[in-house]
Chemist: 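After the structure tokens below, expect a handful of questions from me.
Counting convention: from 1, in listed order, for ligands and their atoms alike.
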Amino acid sequence: MQKVNDLINEVDEISLKHSFQDACSNNDFKAYVYNLNIPEEILIKYTSRLEEAFEECKNCATCKGLDTCKNKVPGYAYTPYGKDKIIEFSYDICKKQAEEDKKNAYQKNLELLEMPKDIKNATFKDMYKDDKARIPIVKYFKEFIDNYDNEEKPKGIYLNGSFGSGKTYLVAALFNEMAKKGVRSVLIYYPEFLRSLKASFQTNYDEQFNYIKKVPLLLLDDIGAENCSNWSRDEVLGPILQYRMENHLPTFFTSNLTLEELENSLAMTSNGVDKVKARRIVERIKQLTVSLELISKNRRN
Ligand code: ADP
Ligand code: MG
């Protein structure tokens, strides 16, 4: 029996050797594996995995950027390491991916809820420079960044203006800048947030509500576009704003409506007209923000 086993081992070894030699007919592969400084009797056991690693190494040598990475796990290369009598393979991060990760690490501080993903990449650097309308807003944001560490936090802004003029983009660029400094923020598309909050009555309503109430920087995007109800005005918006006012948490709003128009819109709910309650909300917004306007051409395509 022993003899049979020996014979099988010998046949296996010969077949491993053959496939390794076949692979080594490619001189580049041969140079690659011998450069690893691993004895041949170990190399031959890993031919197909070494071929895979070699392909990835070749991809890296002709790399044209992360976008076109051909490796199995883009941004990583399958790499062999000799260890005693075996070879271990690992997916090693490439330099470009590592740089990209470092650049993006700060973005975990910026959370989007119900917002288009591309807004996460908004930066002042990439901003259109063709429109003077943005200057006062960018100036205010610069002051905001400079004063954020003061004991009294600067106010957010109420930014009203035409559809597609770039309101959301601007606030997202500020939040990105603040994220680099380690300040957490949430951008929420307000109408959708209300719907999602309503749907969470039986589940994590309190958790969602408190999270928004307490986050260091908050953007309520497109306020005034929601179907206003007594509940959304008096049980959601009111308490969020009250809490943020009392705790000096900068709060930002974008809207197609001026504050006056927003007040009218908040007054009218399906339960009737309540000007006092609407006025109270707008008073809180005024306490929390500096009011600015951005009228510009529609950037949406
Ligand atoms: P608004 O919130 O005023 O309706 P958005 O901020 O959503 O407008 O902007 C509309 C589109 O134009 C978005 O796709 C956004 O990424 C792009 N955009 C807006 N402002 C800029 C800017 N200053 N630089 C580059 N892209 C911008
Ligand atoms: Mg917007």
Side-chain angles (χ1 to χ4, degrees), residues 67 100 103-104 106-145 155-180 183-197 212 215 217-228 232-233 236-237 240-241 244 250-266 281-282 285 288-301:
D67 296 352
E100 188 69 15
K103 210 171 81 198
N104 293 338
Y106 70 86
Q107 286 198 336
K108 71 178 186 323
N109 284 323
L110 179 147
E111 192 174 344
L112 304 179
L113 298 176
E114 325 289 348
M115 303 275 294
K117 299 266 178 298
D118 65 336
I119 211 75
K120 199 152 188 165
N121 298 320
T123 59
F124 289 119
K125 190 163 78 43
D126 297 335
M127 204 166 75
Y128 298 132
K129 309 276 189 310
D130 58 348
D131 186 350
K132 289 205 172 80
R134 283 186 184 74
I135 293 174
I137 302 158
V138 175
K139 266 192 178 156
Y140 182 77
F141 284 174
K142 192 182 171 312
E143 276 173 39
F144 183 93
I145 295 169
K155 290 183 176 191
I157 65 171
Y158 181 86
L159 185 56
N160 88 279
S162 48
F163 175 83
S165 59
K167 302 181 292 299
T168 305
Y169 185 98
L170 271 171
V171 180
L174 171 70
F175 283 11
N176 246 316
E177 213 51 51
M178 296 302 292
K180 286 179 195 158
V183 181
R184 277 193 310 113
S185 58
V186 169
L187 295 91
I188 47 175
Y189 181 61
Y190 185 62
E192 196 52 48
F193 168 68
L194 286 177
R195 277 191 279 275
S196 130
L197 197 61
I212 294 309
V215 68
L217 300 176
L218 175 67
L219 167 65
L220 297 181
D221 194 47
D222 243 335
I223 191 168
E226 74 282 11
N227 285 326
C228 184
S232 68
R233 183 190 59 204
V236 180
L237 191 55
I240 289 177
L241 301 187
R244 298 188 65 82
T251 309
F252 296 72
F253 304 83
T254 67
S255 182
N256 292 332
L257 308 179
T258 62
L259 270 172
E260 203 180 343
E261 288 164 341
L262 181 71
E263 188 170 328
N264 290 334
S265 143
L266 288 170
I281 297 277
V282 169
I285 296 178
L288 277 163
T289 61
V290 169
S291 182
L292 291 165
E293 189 177 60
L294 181 63
I295 308 287
S296 187
K297 66 178 178 204
N298 183 359
R299 305 277 175 175
R300 293 190 196 184
N301 35 33

Chemist: Under 4.0 Å from a heavy atom of Arg299: give me the atoms of ligand 1 that qualify, with their elements.
Modeler: 11 (C), 12 (O)

Chemist: For atom 9 (O) of ligand 1, which protein heavy atom lies nearest, and how many Å away is it?
Modeler: Gly166 CA, 3.6 Å

Chemist: Check the side chains of Asp221 and Thr254 for a donor-acceptor pair under 3.5 angstrom, ignoring hydrogens and angles.
Modeler: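 Checked: Thr254/Asp221 side chains pair up, N/O donor to acceptor below 3.5 Å.
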
Chemist: Got a donor-acceptor contact below 3.5 angstrom from the Lys120 side chain to the Leu110 backbone?
Modeler: yes

Chemist: Would you call the rings of Phe175 and Phe252 parallel, tilted or perpendicular, where under 30° means parallel and over 60° means perpendicular?
Modeler: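 Because their plane-to-plane angle is over 60°, the rings of Phe175 and Phe252 count as perpendicular.
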
Chemist: Look up atom CG in Leu113 and atom OH in Tyr189, then write down how far apart they are to the nearest 0.5 Å.
Modeler: 14.0 Å

Chemist: Could you give the distance from CD1 (Ile240) to CG (Leu220), rounded to the nearest 0.5 Å?
Modeler: 6.5 Å

Chemist: Could you check atom 24 (N) of ligand 1 against the protein and tell me its nearest heavy-atom contact, residue, atom and distance included?
Modeler: Tyr128 N, 3.0 Å

Chemist: Between CD of Gln107 and CG of Asn121, what distance do you get to the nearest 0.5 Å?
Modeler: 5.5 Å

Chemist: Which residue holds the protein heavy atom closest to atom 2 (O) of ligand 1, what is that atom called, and what is the gap in Å?
Modeler: Thr168 OG1, 2.7 Å

Chemist: Which residue supplies the protein heavy atom nearest to atom 14 (O) of ligand 1, what is that atom called, and how far is it?
Modeler: Asp118 OD2, 4.3 Å

Chemist: Could you check atom 16 (O) of ligand 1 against the protein and tell me its nearest heavy-atom contact, residue, atom and distance included?
Modeler: Tyr169 CD1, 3.5 Å

Chemist: Tell me the closest heavy-atom pair linking Leu259 and Ser291, and the distance in Å.
Modeler: CD1-OG, 4.1 Å

Chemist: Provide the number and element of each atom of ligand 1 under 4.0 Å from a heavy atom of Ser165.
Modeler: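 Answer, ordered by atom number: 1 (P), 3 (O), 8 (O).
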
Chemist: Compute the shortest N/O to N/O distance between Ile119 and ligand 1 and return yes if it is under 3.5 Å, no if not.
Modeler: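 There is no such contact.
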
Chemist: Quick check: closest heavy atoms across Thr251 and Thr289, and the distance to 0.1 Å?
Modeler: O-CG2, 3.4 Å

Chemist: Could you find the nearest protein heavy atom to atom 23 (N) of ligand 1 and give me its residue, atom name and distance?
Modeler: Met127 CG, 2.9 Å

Chemist: Let me check your reading of the structure: within less than 2.8 Å of the Mg ion (ligand 2), is there an N/O/S atom from Thr168?
Modeler: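 Checking the Mg ion (ligand 2) against Thr168, an N, O or S atom does fall under 2.8 Å.
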
Chemist: Is atom CG of Asn227 surrounded by more than 12 heavy atoms (other residues, nucleotides or ligands) closer than 6.0 Å?
Modeler: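 Atom CG in Asn227 is not crowded, with 12 or fewer foreign heavy atoms closer than 6.0 Å.
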
Chemist: Indicate yes or no: does an N/O atom of Gly164 lie under 3.5 Å from an N/O atom of ligand 1?
Modeler: yes

Chemist: Please could you name the atoms of ligand 1 that Arg134 approaches to less than 4.0 Å, counting only its heavy atoms?
Modeler: 20 (N), 23 (N)

Chemist: Starting from atom 10 (C) of ligand 1, what is the nearest protein heavy atom, named by residue and atom, and what distance separates them?
Modeler: Arg300 CG, 3.6 Å

